[in-house]
Amino acid sequence: MHGPADSVESRQQLTAAWRVMVLDRNPDADVRDLPGLAVRWADCRFPFWNCVTLTGDGAGAGLVRRRLDEAAEIMRSKRHPGFLWVFEDLLDEEARAALGPAAARAGLAHAFPGTGMAGDLLPVPEPAHPDLTFVRVTTGEHLRAFADLNSLAYGFPLEDGRDGLVWSALWKNRVYACLGVRNGTPVACAATMEVEDRLFVLLVATDPAWQRRGYGEAVTRKALHEGAAATGATRATLHATAAGAPVYPRIGFEPNSPMRFYALED
């Protein structure tokens with residue numbers, strides 16, 4: 001069972017983590033907490049760093065329509081595209097039923113579904129995989145490989161991922177970012193970061209040519225192991241795409257927060 005409290009945790013993890021990520025990418029980023037909306041917009045080419053989130057709890061249909069209009073207006077004012085994140089359990093029943101039509105009226109198109117997950121699962125044993133060695137991201141070369149894997153996995157141009165990550169010092173120290181390397185070539189990656197006494201999982205990706213071999217699960221376990229050893233955290237959270245959702249329960253995560261991602265219509 002899941003409910004609004006789980007979605008509140010999931011939303012708070014997002015807004016807290018993305019404040020750090022976005023300001024790391026752009027110290028002059030649009031980072032605001034407005035009535036019913038959290039803006040975390042680096043306005044860079046990496047679309048995951050451009051984010052608006054509905055934050056009201058139990059919002060009704062009329063209020064959600066207004067918030068969607070406001071979010072779309074903010075998104076249209078930006079140079080680079082991004083996503084609106086909606087945690088469905090934070091809307092009342094009428095608003096959930098009307099969400100699709102209301103988003104369409106605001107000029108927003110459903111991009112993909114997601115699922116917030118959490119679990120008191122840490123620490124996890126140090127993982128092993130017969131095909132992989134694990135490398136902690138500490139150099140610019142490592143971070144470029146991490147960025148490229150995300151671009152490949154999510155269908156972005158390589159320069160978009162690099163624009164979001166390769167210059168960052170944060171990702172080489174505060175973030176526990178790991179590569180899964182097969183025969184000298186990075187094929188999967190995952191990261192964790194401490195956010196409000198939890199480990200938040202970030203940017204899990206596998207090269208499409210090497211999917212369905214357990215590489216994503218293995219490198220996620222490694223990032224969790226490294227983060228828990230360094231921080232002592234016992235709880236972890238993440239937001240999964242449909243492709244990744246079957247992987248995380250095997251680690252111990254429980255799905256608890258249905259989500260929708262919206263982008264501006266072309």
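One-based numbering along the sequence shown. What you see below is based on every heavy atom in this structure, not just the backbone, and it leaves out hydrogens, waters and symmetry mates. Because the structure is predicted, anything quoted here is derived from the model rather than measured.
In terms of modelled atom types and a separation under 3.5 Å, the side chain of R45 and the main chain of D163 share no donor-acceptor contact. Looking only at distances, no side-chain donor or acceptor of D89 sits under 3.5 Å from a matching main-chain atom of S257. The backbone N or O of R32 lies less than 3.5 Å from a partner atom in the side chain of R40, making a donor-acceptor pair. Panel note: side chain S10, backbone G116; no donor-acceptor pair is recorded below 3.5 Å. Side chain of H129 to backbone of R213: a donor-acceptor contact under 3.5 angstrom is found. Remark: side-chain polar atoms of T115 are not paired, donor with acceptor, to backbone N or O of P255 under 3.5 angstrom. Although no hydrogens or angles enter the test, the distance criterion places a donor-acceptor pair under 3.5 Å between the side chain of N50 and the main chain of C44. The backbone N or O of L165 lies less than 3.5 Å from no partner atom in the side chain of R25, so there is not a single donor-acceptor pair. With hydrogens and angles ignored, the 3.5 Å screen pairs a side-chain donor or acceptor of R67 with a backbone N or O of P35.
Minimum interatomic distance between D43 and K78 (heavy atoms only, all atoms of both residues): OD1-CB, 3.5 Å. Counting all heavy atoms, side chain and backbone alike, P186 lies closest to A145 at CG-CB, 3.8 Å. Smallest separation of non-hydrogen atoms from L68 and A103: CD1-N, 3.6 Å. The heavy-atom pair separating V22 from A29 by the smallest distance is CG1-CB, 3.3 Å. Closest heavy-atom contact between G60 and D92: CA-OD2, 3.2 Å.
Cluster membership check: L99 does not share its hydrophobic cluster with F261, using side-chain heavy-atom separations under 4.5 Å among Ile, Leu, Val, Met, Phe, Trp and Tyr. By the rule that hydrophobic residues join a cluster once side-chain heavy atoms approach within less than 4.5 Å of another member, Y176 and L170 end up as members of separate clusters. L122 and V201 fall within a single hydrophobic cluster, where Ile, Leu, Val, Met, Phe, Trp and Tyr are joined by side-chain heavy atoms under 4.5 Å apart, directly or via other members. The cluster map of Ile, Leu, Val, Met, Phe, Trp and Tyr, joined by side-chain heavy atoms under 4.5 Å apart, puts V175 and L179 in the same cluster. Each of F156 and L152 belongs to its own hydrophobic cluster when Ile, Leu, Val, Met, Phe, Trp and Tyr are linked at side-chain heavy-atom distances under 4.5 angstrom.
Defined by atom type and a distance below 3.5 Å, a donor-acceptor pair is present between the side-chain atoms of R260 and Y262. For the residue pair D160/S151, the side-chain donor-acceptor check at 3.5 Å is not satisfied. Under 3.5 Å, the side chains of T231 and E194 contain no donor-acceptor pair of N or O atoms.
Remark: E265 CD is packed, more than 12 non-hydrogen atoms of other residues, nucleotides or ligands lying under 6.0 Å away. Around CZ of R250, the count of heavy atoms belonging to other residues, nucleotides or ligands within 6.0 Å exceeds 12. Annotation for R76: atom CZ counts as buried by contact number, over 12 foreign heavy atoms lying within 6.0 Å. Applying the 6.0 Å contact sphere to CD of E196 captures more than 12 heavy atoms from other residues, nucleotides or ligands.
Here the side chains of E88 and M259 are not in contact, with every heavy-atom distance at 4.5 Å or above. Put simply, the side chain of R174 reaches to within 4.5 Å of the side chain of V20, judged on heavy atoms. Residues T192 and L238 have side chains not in contact (no heavy-atom distance under 4.5 Å, counting atoms from C-beta outward). Residues L23 and W18 form no side-chain contact, since every pair of their non-hydrogen atoms from C-beta on lies 4.5 Å or further apart. In this structure, the side chains of R221 and I251 come closer than 4.5 Å at one or more pairs of heavy atoms. Taking the side chain as every heavy atom from C-beta outward, S168 and L143 approach each other to under 4.5 Å. Counting heavy atoms from C-beta on, the side chains of V219 and F134 come closer than 4.5 Å. Within the 4.5 Å cutoff, the side chain of V166 has no heavy atoms near those of the W171 side chain.
Relative ring orientation between H239 and F200 is described as perpendicular, the plane-to-plane angle rising above 60° on a 0-90° scale split at 30° and 60°.
A distance of 4.0 Å separates OG1 of T139 from NE2 of H142, quoted to the nearest 0.5 Å. To the nearest 0.5 Å, atoms OG1 (T234) and CG (L199) are separated by 9.0 Å. Here the straight-line distance linking atom CG of L132 with atom SG of C178 works out to 12.0 Å at 0.5 Å rounding. Note that CD1 of I74 and CD of E70 are 7.0 Å apart. Values are rounded to the nearest 0.5 Å. Interatomic distance, Q12 CD to T237 OG1, rounded to the nearest 0.5 Å: 10.5 Å. The line from CD of E126 to CG of L224 is 12.5 Å long, rounded to the nearest 0.5 Å.
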request  = Dump the intermediate steps for side-chain contact (heavy atoms from CB on, under 4.5 Å) on L84 and M75, then the final yes or no.
outcome  = CA-CA 8 Å; L84 169 68; M75 295 166 74; 4.1 Å; yes

ask   = Please walk me through it: do E159 and R162 pass salt bridge (charged side-chain N to carboxylate O under 4.0 Å, His left out)?
value = CA-CA 5 Å; E159 286 304 320; R162 294 171 185 174; 3.0 Å; yes

query = Passes salt bridge (charged side-chain N to carboxylate O under 4.0 Å, His left out), R235 versus D197? Steps please.
reply = CA-CA 8 Å; R235 186 166 178 82; D197 300 320; over 6 Å; no

key: Step-by-step side-chain contact (heavy atoms from CB on, under 4.5 Å) determination, D57 to R11   = CA-CA 10 Å; D57 302 348; R11 180 200 65 202; 2.6 Å; yes

inquiry  = Please evaluate residues K222 and E226 with respect to the criterion salt bridge (charged side-chain N to carboxylate O under 4.0 Å, His left out), reporting the C-alpha separation (whole Å), side-chain torsions for both, the decisive distance (0.1 Å), and the verdict.
reply    = CA-CA 6 Å; K222 179 62 174 178; E226 293 289 324; 2.9 Å; yes

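Each of D24, D30, D33 was checked for a salt bridge (Lys or Arg N to Asp or Glu O under 4.0 Å) with R19, and the lone residue meeting it is D33. When F46, F48, F112 are each tested for a ring-ring contact (aromatic ring centres under 6.0 Å, His included) with Y154, only one passes: F48. Partner of Y215 under the side-chain hydrogen bond (donor to acceptor under 3.5 Å, both in side chains) criterion, chosen from T220, D207, D131, T206: D131.
Ring centers of W49 and W41: at least 6.0 Å apart, outside the cut-off.
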